[in-house]
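Every chain is numbered from 1 and lettered A, B, ... according to where its sequence line falls, protein lines coming before strand lines. Not measured: the values here are computed from a predicted model.
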Amino acid sequence: MLEKTFQHGALEEEHYKKWENSASFAAKPESNNAPYAVMMPPPNVTGSLHMGHALNMTLQDILTRYKRMKGFDALWQPGTDHAGIATQMVVERQLDEKGTSRRDLGREEFLNKVWEWKEESGGTIVRQLRRLGATPDWDRERFTMDDGLSAAVRKVFVQLYKEGLIYRDKRLVNWDPKLLTAISDLEVEQRENKGSMWHIDYPIEGEQAQTIRIATTRPETMFGDTAIAVHPDDERYKHLVGKYAMIPIANRLIPIIADEHSDPEKGSGAVKITPAHDFNDFEVGKRHDLPMVNVFDIHAHMNENAPDGYQGMDRYAARKKILEELENLDLLADEESVVNSMPYGDRSGVVIEPYLTDQWYVDAQTMAKPAIAAVKEDKIKFVPKTWENTYFAWMENIQPWCISRQLWWGHRIPAWYGPDNDVFVGADEADALAQAREKYGEDVELRQDEDVLDTWFSSALWPFSTIGWPDETPELKKYYPGDVLITGFDIIFFWVARMIMMGMHFMDDIPFDTVYIHALVRDSKGQKMSKSKGNVIDPLELIEKYGTDALRFTLTAMAAQGRDIKLSEERVEGYRNFGTKLWNAARYCEMNNCMPQPGFDPSSVSYTPNKWIITELARTEQAIEQALDSYKFNDAAQAIYQFVWGSFCDWYLEFTKPVLSEEGDKADEIRQTTGWLLSQIVTLLNPFMPYITEELSEKLFEEQGNGAEGFVFQQQWPEYAESLQDQDATDEMGWVMQFISEIRSVRSDMNVPAGAKLSLIVKDSAAQTQERLNLYEEIISRMARLQSIEIKEDAAPAGAIQTVVGEATLILPIADIIDLDKERARLEKEIEKLSSDIKKIDQKLGNKKFLDNAPDEIVNEQHTRKSNAEKLRDKLSAALKQLEVA
RNA sequence: GGGCACGUAGCUCAGUGGGAGAGCACUACAUUGACAUUGUAGGGGUCGGCAGUUCAAUCCUGCCCGUGCCCA
């Protein structure tokens, strides 16, 4: 006998262990089954499970389980990402607590420490994925710094270098002065800040006391100015172009040039040009061949190019001092409050400096072309499609991708430098040495580039590097391209776009044909979850409290396309209740000996309620299938929820309840049907709620010898013949349900005590109705709490309430209970509603244009609706009249 | 400043060119019946506003208002 409720905690762990020990999540490349491949977005090895992961992984798991049950050879490829900066920061923080640092340890020792940390703590996230019930092929778990993946990274680097698609360049990068590394554009967040615009006068050379006024938000970079620019058409400054201005304090002369970059409308119309510290100015500098004067060191402290007294000063301290000094020189004309957007490092949170350094770049513009085409040509489809706009907008304006990072943790760049700084790029040092020997004619000492690659460089290779590339493995052959990538919109640029670029280049094919972009999980108020706001909902806490199934189902039910999820605990509780409902229905089945029988054939049933519920089941399965095939996860969840609770529990089990105490063929058929239905529900619900369904299957089907060998997810996904759907049965049971609901509704409106059993008189009934009443008298009487049903054509007795189902009038004589006023009000209200409906329909039918233009079926439909409404109104009016007489 | 979403019941959200839906919340009634982690019933919405297209608009188009996000 099942316990009273499903105890999720211990059972979940127990089931997961059994699943995993059986190695049954494994892909089978040697099988002939069609492949279904999903690449798990590798979570950061430093990470722990957050709500976004929970959603992302749940959806992938549902698809994987579903396709696996449908007979596909499913590969869900798991793994983790080495997360360069994030991981290095974690370990550095630990070193800091011990009063040491990575520089104290040295590169090799530090990397040992990171690996040590990874071995000890890197497993958190994958353990948590297990709690979520995720079923990737764990034996194939990869890490972006595995030997195989690292080899793939080197090969890609070397090849792109040889093709000229990777190059070294000195240009402005986004420099993080806290982490002391370059970062890519994508790792920079623009944030709006209140700041100041300072207006500063620069004296003009040779013009006594004449100045040119510039406006800047960054006075501390003025020592790096190499020009002042005015717009070529700006009449105010035409006479000054070609002259020289003097940088105050530094007293260095710079030319006044004409360039369209300066906007006459903004500030004074003259701007200082600091090519080494501003992206726009860098372009101006290149156009005019200006010198690039860098005034900061790597910490964004003033360097030797700043005047004495400033060197070594922090950028903001220097700003303050410069402003004071300008004030004293009477050259600070104005300070204006402005809101400007400033670049921040997404990891360090400090203001990023545009900084002139040598870095490695990928020619993203070239690589983006085939990647854009793949989406344009619909080889890759985004779901929802609107994300394609986002993709194109970025890809079509893509900038060179800075891939070098001044870190230690990551893939070290496979480039070596000779004594004259010539670079040799090769798969390993031997390769580089060989190249060097060729060049120098002798062995020389080479020094490897100190930098590592952007983490996203290796994850961009994930769809093929994890399955063996560059080797021609069976896996690579079978699972590339994959089927769907499920991820959040926040990494479309970081990851999705780059996978497409790398896939197109190295595999000459798309990495996946569908990109499903899921919602962002917010808190119940719609706020983005963040540690600093303290509104983070921990999926593990919800799992603890309500069970994995409840959390999974909640996320699934809320995963509507194109809308963020506002997660509230009440919803999770509600879906936990859904599990309990199913659990209790299963207990009921167990108590009544309704278990699946071998050889049961759903097409053989003859009792109409059985035919009806089988029809409903078949339609539910179709709905789930259709929903999952089009990534409408919420529709799939709703379909199964509605079937289990709304059809199976609320109606079917109630219809059949009394028969189960009987013996005989009918009772037998119901028992078999009920048992079969339970087994079908367990199967259909399994991808969504794997634990409770597994537990039911094990306890009820397996242990008690009622079929079902192995785990539920190893079973076949059910397919129901179209012929199982019986519209007549649907109509008939629909009528029964309406009949019962109608009586219940009237009873409730009239405050008839639930315990009171009423007599029912049915008037004006057609033969079919009488036949149905005869067939379902017992069911209707019980569920509508009637003591008798009588078919009579006499006028309704005094003090009866009346209602209508189809052509028949239902009369409930309850003179002793009835509240006449209340009944009158109820009838009047209904009649009023009907009259207004009829009026609306009349308006339509009286409109010639409508009759001329609307399709016939629509016009006919309106006629039918009108006539039905009229019949109903007439009957209710008669009832009302009867009431007045009484 | 440019772009993309979204605005439907108290809340969270589905949905559709032709009769406004679900869950939760709320109200009433029901307590040892598989299930109170329940059942039955009920109330509640000019589908953000204004115009246009159409025989017909909550749905399509435009503008406006509001909210959120991305990019500059």
Side-chain angles (χ1 to χ4, degrees), chain A residues 1-2 4-6 185-186 189-190 279-280 341 343 384 386-390 392-394 397 489-490 492-493 519-520 522 524-528 546-547 550 554 557-592 594 632 634-635 637-638 641-642 645-646 649-650 653-654 657-658 660 740-756 782-785 826 837 840-841 843-855 857-859 861-862 864-866 868-869:
Chain A
M1 183 68 192
L2 292 175
K4 204 159 168 160
T5 54
F6 173 59
D185 297 345
L186 289 174
E189 277 174 25
Q190 296 293 332
F279 287 98
N280 287 316
S341 92
T386 175
W387 289 110
E388 288 178 9
N389 295 329
T390 309
F392 291 136
W394 188 68
N397 290 297
F489 68 87
D490 48 333
I492 290 177
F493 306 146
L520 192 70
R522 300 170 173 279
S524 60
K525 293 182 199 114
Q527 300 270 316
K528 201 167 169 174
Y546 300 105
T554 306
M558 297 186 83
Q561 285 180 13
R563 198 191 272 263
D564 286 344
I565 293 177
K566 289 182 196 165
L567 188 71
S568 71
E569 195 167 323
E570 288 78 38
R571 281 301 277 268
V572 185
E573 192 182 351
Y575 290 119
R576 188 272 320 267
N577 296 353
F578 173 57
T580 306
K581 186 74 183 176
L582 171 66
W583 184 262
N584 279 298
R587 285 181 79 215
Y588 167 86
C589 291
E590 185 186 24
M591 285 173 192
N592 287 286
C594 300
K632 295 186 172 172
N634 55 320
D635 287 353
Q638 206 199 340
Y641 181 96
Q642 166 56 34
W645 202 318
C649 293
D650 286 350
L653 293 183
E654 296 299 330
K657 211 170 246 179
L660 292 179
I740 293 166
S741 298
E742 196 60 43
I743 298 171
R744 282 173 171 172
S745 173
V746 172
R747 290 179 61 119
S748 177
D749 280 351
M750 288 302 107
N751 289 337
V752 176
R782 179 167 37 83
M783 291 178 72
R785 307 199 68 86
R826 183 183 73 89
D837 284 355
K840 272 188 216 155
I841 299 169
Q843 269 170 9
K844 272 190 183 175
L845 291 172
N847 183 347
K848 188 164 176 310
K849 284 183 176 171
F850 172 70
L851 297 176
D852 290 346
N853 290 303
E857 61 206 67
I858 297 292
V859 177
E861 194 188 329
Q862 296 300 319
T864 314
R865 280 188 55 213
K866 186 189 171 185
N868 286 344

* To do: Hey, could you give me the CG/CD1 distance between A:Leu186 and A:Ile492, rounded to the nearest 0.5 Å?
  => 11.5 Å

* To do: Classify the nucleic acid contact of A:Arg747 as base, sugar-phosphate or nothing, counting any heavy atom under 4.0 Å across all strands shown.
  => nothing

* With C1' as the reference atom in both, quote the distance from B:G44 to B:G23 in angstrom, rounded to an integer. => 15 Å

* **Length of the line joining A:Glu857:CD and B:G18:C1', which is rounded to integer Å** => 10 Å

* Measure from CG on A:Leu567 to P on B:G23 and round the result to the nearest Å. => 19 Å

* Structure fact -> The ring pair (Phe, Tyr, Trp, His ring centres under 6.0 Å) partners of A:Tyr588 (sequence neighbours excluded) come to none

* Structure fact -> A:Tyr575 OH to B:A22 P, in whole Å, measures 13 Å

* Asked: What stems involve RNA chain B, if each pair must be Watson-Crick or G-U and both of its distances must be under 3.5 Å, with 3 or more such pairs in a row?
  -> B:1-7 with B:65-71, B:10-13 with B:21-24, B:26-30 with B:38-42, B:48-52 with B:60-64

* **Least distance between heavy atoms, A:Leu845 atom then A:Leu851 atom** => O-CD1, 3.4 Å

* Indicate whether OP1 or OP2 belonging to B:U12 is found under 4.0 Å from a side-chain N or O atom of A:Arg571. => no

* To do: Measure from CD on A:Glu570 to C1' on B:C11 and round the result to the nearest Å.
  => 10 Å

* To do: Calculate the interatomic distance between A:Asp635 atom CG and B:G21 atom C1'; express it in whole Å.
  => 13 Å

* To do: Using the test side-chain hydrogen bond (donor to acceptor under 3.5 Å, both in side chains), find all partners of A:Asn592 that sit at least two apart in sequence or belong to another chain.
  => none

* Asked: What pairs with A:Tyr546 under ring pair (Phe, Tyr, Trp, His ring centres under 6.0 Å), at least two apart in sequence or on another chain?
  -> none

* Not counting sequence neighbours, which residues clear salt bridge (charged side-chain N to carboxylate O under 4.0 Å, His left out) with A:Glu742? List them please. => none

* Below 4.0 Å: OP1/OP2 of B:C24 and any side-chain N or O of A:Ser568 -> no

* Listed by chain and number, what are the salt bridge (charged side-chain N to carboxylate O under 4.0 Å, His left out) partners of A:Lys848, not counting sequence neighbours? -> A:Asp852

* To do: Only counting residues at least two apart or in another chain, list the ones meeting side-chain hydrogen bond (donor to acceptor under 3.5 Å, both in side chains) with A:Lys4.
  => none

* Listed by chain and number, what are the side chain to side chain contact (heavy atoms under 4.5 Å, CB included) partners of A:Asp490, not counting sequence neighbours? -> none

* Could you state the CE-P distance from A:Met558 to B:A14, rounded to the nearest angstrom? -> 9 Å

* Structure fact -> Of A:Ser748 and A:Leu186, the one whose nearest nucleotide on RNA chain B sits closer to the 5' end is A:Ser748

* Could you check how far CZ of A:Arg865 sits from P of B:G18, rounded to whole Å? => 12 Å

* Asked: What's the spacing between A:Met783 CE and A:Glu654 CD if we round to 0.5 Å?
  -> 5.5 Å

* d(CD, A:Gln638; C1', B:U12) in whole Å -> 14 Å

* Asked: Listed by chain and number, what are the side-chain hydrogen bond (donor to acceptor under 3.5 Å, both in side chains) partners of A:Glu590, not counting sequence neighbours?
  -> A:Gln704

* With the sugar-phosphate defined as primed atoms, P, OP1 and OP2, and the base as all remaining atoms, what B/S/- string results for nucleotides 34-39 of chain B, 5' to 3', for protein heavy atoms under 4.0 Å? -> BB-BSS

* Kindly point out which of B:C24, B:A41, B:G18 is positioned nearest to the side chain of A:Glu861? => B:G18

Please tabulate the protein-to-nucleotide N/O contacts below 3.5 Å involving nucleotides 5-9 of chain B, giving atom names and distances.
| residue | atom | partner | partner atom | Å |
| --- | --- | --- | --- | --- |
| B:C6 | O3' | A:Arg563 | NH2 | 3.3 |
| B:G7 | OP1 | A:Arg563 | NH2 | 3.0 |

* **Interatomic spacing from CG in A:Leu653 to CG in A:Leu660 - rounded to 0.5 Å** => 8.5 Å

* Just call it for A:Gln862: base, sugar-phosphate, or nothing, with non-hydrogen atoms closer than 4.0 Å on any strand. => sugar-phosphate

* For nucleotides 51-61 of chain B, read 5' to 3', which letter fits each nucleotide if B means a protein heavy atom sits under 4.0 Å from the base, S means only the sugar-phosphate is that close, and - means neither? -> ----B------

